[in-house]
Amino acid sequence: MSDLHLDPSKASAWTRRAFLERSLVFSSAALTVPAFVQRSAMGIEQPAMGMGSVPGVPEERILVILQLGGGNDGLNTVIPHGFDEYHNARPQIRIRGDQALGLGRSNQAIGLHPALEGVKELYDDGLASIVQGVGYPNPNRSHFKSMDIWHTADTSGTGDGWIGRYVDSECCGYGKGESGTAESNGGERGGGRMPAPVAIGRTAPLAMIGPGVKPISFESADLFKWTGEDIHPALVDPYEKIVGAGQTDDVAPDSNAAFLMRTSLDARVSSDTIRRAVSAEPLVRYPGSDLARQLQMVSGMVRAGMKTRVYFVTLGGFDTHAGQGGANGRHANLMRQLGDSVRAFYRDLQAQGNDGRVLTMCFSEFGRRVGQNASGGTDHGTAAPVMLFGPMVASGVLNAHPSMRDLDDGDLKFTVDFRTVYAGILEDWMGNGKSREILAGRYKAAPVIARRFKA
């Protein structure tokens with residue numbers, strides 16, 4: 001569907017980007033080195049000459065993407081307990097109406113998983129939005145393929161990541177240059193510059209990799225540093241010379257040597273900034289889960305005033321083919337981690353005064369089948385809810401639950417194309433008017449952002 005791909009004709013035998021990606025080792029293998037040049041990777045976007053900000057871009061707004069890896073069971077997340085078909089299809093793993101957390105008088109047939117107390121608290125405070133039945137045409141039940149589809153916003157599952165394309169479009173227009181480089185930004189005095197997105201994890205997700213932009217990715221801030229001195233002390237002096245020589249007069253400004261020096265210095269600056277930010281004591285107590293740790297790191301970076309506009313975190317373990325459980329058990333434990341972590345994250349942001357800046361979108365690559373399997377679990381399905389959090393969301397349940405009777409070979413039929421949710425975020429929250437280019441199609445923006453907050 002999408003023709004947004006790198007143009008092989010523009011490749012060269014030894015480009016600066018290739019030089020950066022293949023030759024520089026400033027951190028652990030967990031780091032995807034970004035294209036920082038002349039400023040820190042967290043540096044401020046470059047405004048047009050004589051202006052204090054980039055026109056039309058709400059620079060203070062942040063998007064956090066929370067991926068539920070493995071295919072979350074949407075039917076036991078937002079539970080259609082008012083439908084007999086749900087109970088008949090899931091005799092062992094169903095959740096009764098008296099167990100589910102209520103979603104108000106207008107939504108008496110559905111409720112939240114009882115372990116999602118944190119989400120229920122945010123919902124009651126007007127800080128949560130639920131979009132039901134989100135999916136795409138001709139669904140794919142492969143974890144990898146479906147995740148690629150969500151990450152690329154392309155039902156072929158090929159091409160660049162949608163967030164990468166967004167960042168690139170803010171820099172210089174999709175496919176028109178390398179984001180974050182002096183060449184693509186018109187030098188020091190022109191064009192916009194979008195800071196590299198940050199992913200907490202071992203590898204950078206496809207969603208964040210664009211034709212020019214390369215995200216920062218690390219599991220632990222302690223690993224986000226130059227490790228040459230740990231390899232051998234003899235590497236320290238050459239490295240210090242490279243970094244320290246970045247501003248000397250005997251190096252041509254446009255040479256590869258100058259590029260390496262500036263990049264080395266920028267990597268050091270961003271490493272120091274990030275490690276300082278995430279080491280600060282949070283303003284609230286977080287749970288002990290890995291997702292909570294990731295969100296605490298994001299909160300620390302927001303609190304430190306970093307200019308990063310997109311973060312990516314992940315909670316895995318949702319491939320519940322056996323022993324899924326209902327109100328208790330394996331899936332319930334995951335729901336508790338999710339709810340408690342997101343609640344702590346927003347309480348921390350509120351204490352900082354930053355909650356109004358941060359929108360969180362929570363999704364999974366697909367839902368599960370309506371009927372349980374013989375192992376007390378659920379197999380790969382299709383449509384599932386997407387949840388959004390923050391003071392800016394159009395709070396509540398935004399649409400009707402998909403039919404429990406009109407199924408597609410035992411699966412829910414999607415009623416909302418996930419790209420309409422992306423379009424709503426891009427246009428109404430991030431203030432980007434190029435969603436048609438970024439998503440490679442015209443998708444009407446889903447009304448996920450409250451009118452008074454629309455960009």
Side-chain angles (χ1 to χ4, degrees), residues 66-101 109-119 130 132-136 138-150 157 289-291 314-341 362-387 401-415 418:
L66 198 173
Q67 173 180 298
L68 305 180
N72 176 44
D73 182 12
L75 285 173
N76 273 18
T77 300
V78 180
I79 306 155
H81 58 76
F83 297 86
D84 290 340
E85 292 82 5
Y86 164 78
H87 297 280
N88 294 336
R90 299 182 164 212
Q92 292 176 286
I93 65 170
R94 70 190 181 99
I95 297 174
R96 302 188 310 270
D98 62 341
Q99 295 174 308
L101 302 176
I110 61 174
L112 290 175
H113 192 288
L116 284 175
E117 292 177 350
V119 170
I130 298 172
Q132 304 188 97
V134 183
Y136 54 88
N138 303 313
N140 192 297
R141 292 172 180 79
S142 160
H143 289 294
F144 301 106
K145 191 65 175 180
S146 188
M147 193 62 78
D148 285 349
I149 289 169
W150 278 81
S289 67
D290 184 61
L291 176 61
T314 305
L315 174 62
F318 286 91
D319 198 16
T320 51
H321 286 282
Q324 175 177 308
N328 299 293
R330 180 179 170 191
H331 187 250
N333 290 336
L334 292 167
M335 292 288 96
R336 186 169 294 106
Q337 290 181 53
L338 172 62
D340 292 354
S341 299
C362 177
F363 81 100
S364 191
E365 67 264 38
F366 46 61
R368 316 297 291 190
R369 291 182 69 80
V370 172
Q372 69 177 62
N373 61 28
S375 301
T378 50
D379 297 324
H380 299 179
T382 53
V386 166
M387 294 186 287
H401 194 280
S403 172
M404 294 294 297
R405 297 178 179 178
D406 182 19
L407 303 179
D408 180 11
D409 190 26
D411 284 320
L412 296 177
K413 292 181 178 180
F414 85 98
T415 57
F418 74 99

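- Considering every non-hydrogen atom in both Ala327 and Ala332, the closest pair reads O-CB, 3.5 Å.
- Tyr86 has its side chain within reach of Ile79: a pair of non-hydrogen atoms, C-beta onward, lies under 4.5 Å apart.
- No donor-acceptor pair closer than 3.5 Å links the side chain of Asn72 to the backbone N or O of Leu68.
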>> Checking Glu117 against Leu101 for the side-chain contact (heavy atoms from CB on, under 4.5 Å) test, could you report, in this order, the C-alpha distance in whole Å, the side-chain angles of both residues, the deciding distance, and whether it holds?
In response: CA-CA 8 Å; Glu117 292 177 350; Leu101 302 176; 4.3 Å; yes
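- The shortest distance between side-chain heavy atoms of Phe144 and Ile149 does not fall below 4.5 Å.
- Contact record, Ala100 with Pro114: CA-CD, 4.5 Å, taken as the closest heavy-atom pair.
- Interatomic distance, Phe318 CZ to Arg330 CZ, rounded to the nearest 0.5 Å: 10.0 Å.
- No side-chain donor-acceptor contact under 3.5 Å links His401 to the backbone of Pro80.
- Considering only residues two or more places apart in sequence or on other chains, Arg141 meets the side chain to side chain donor-acceptor pair (under 3.5 Å) condition with Asp411.
- Under a 3.5 Å cut-off, the side chain of Thr77 and the backbone N or O of Asp73 do form a donor-acceptor pair.
- We find that Arg368 and Asp379 are not joined by a salt bridge, their nearest charged nitrogen and carboxylate oxygen being 4.0 Å or further apart.
- In this structure the side chain of Cys362 never reaches within 4.5 angstrom of the side chain of Val386, judged on heavy atoms.
- No donor-acceptor pair closer than 3.5 Å links the side chain of Asp408 to the backbone N or O of Leu412.
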>> Before you tell me yes or no, could you show the steps for Val78 and Gln132 under side-chain contact (heavy atoms from CB on, under 4.5 Å), namely the whole-Å CA-CA distance, both residues' side-chain angles and the distance that decides it to 0.1 Å?
In response: CA-CA 8 Å; Val78 180; Gln132 304 188 97; 3.5 Å; yes
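- Checked by atom type, the side-chain pair Gln372/Thr378 shows no donor-acceptor distance below 3.5 Å.
- Closest approach of Gly133 to Pro402, counting heavy atoms only: CA-CG, 3.4 Å.
- When atom types are taken as modelled, the side chain of His81 and the backbone of Ile110 share a donor-acceptor pair closer than 3.5 angstrom.
- Taking the ring pair (Phe, Tyr, Trp, His ring centres under 6.0 Å) definition, one finds that His380 meets it with His143, His321, Phe366, sequence neighbours left out.
- At least one donor-acceptor pair under 3.5 Å links the side chain of Arg90 to the backbone N or O of Val370.
- In this structure the side chain of Gln337 reaches within 4.5 angstrom of the side chain of Leu334, judged on heavy atoms.
- Applying the side chain to side chain donor-acceptor pair (under 3.5 Å) criterion to His113, with sequence neighbours excluded, gives no partner residue.
- Here the straight-line distance linking atom CG of Leu315 with atom OG of Ser289 works out to 7.5 Å at 0.5 Å rounding.
- Here the side chains of Leu291 and Leu66 are in contact, with some heavy-atom distance below 4.5 Å.
- Under the 3.5 Å distance criterion, the side-chain polar atoms of Glu365 are matched with a main-chain donor or acceptor of Gly70.
- Taking CG of Leu75 as the reference point, atom CD1 of Ile93 lies at 8.5 Å (rounded to 0.5 Å).
- Atom CG of Asp98 has more than 12 heavy atoms from other residues, nucleotides or ligands within 6.0 Å.
- In this structure, the side chains of Gln324 and His331 come closer than 4.5 Å at one or more pairs of heavy atoms.
- Here the NE2-CD1 distance, from His87 to Ile95, works out to 10.0 Å after rounding to the nearest 0.5 Å.
- Of the possible polar contacts, none joining the Ser375 side chain to the Ala322 backbone as a donor-acceptor pair under 3.5 Å is found.
- Annotation: side chain of Phe418 is in contact with side chain of Trp150 (closest heavy-atom distance under 4.5 Å).
- Side-chain contact of Thr382 with Tyr136: a donor-acceptor pair under 3.5 Å is absent, judged by distance alone.
- Within the 3.5 Å criterion, the main-chain N or O of Gly376 finds a donor-acceptor partner in the side chain of Asn373.
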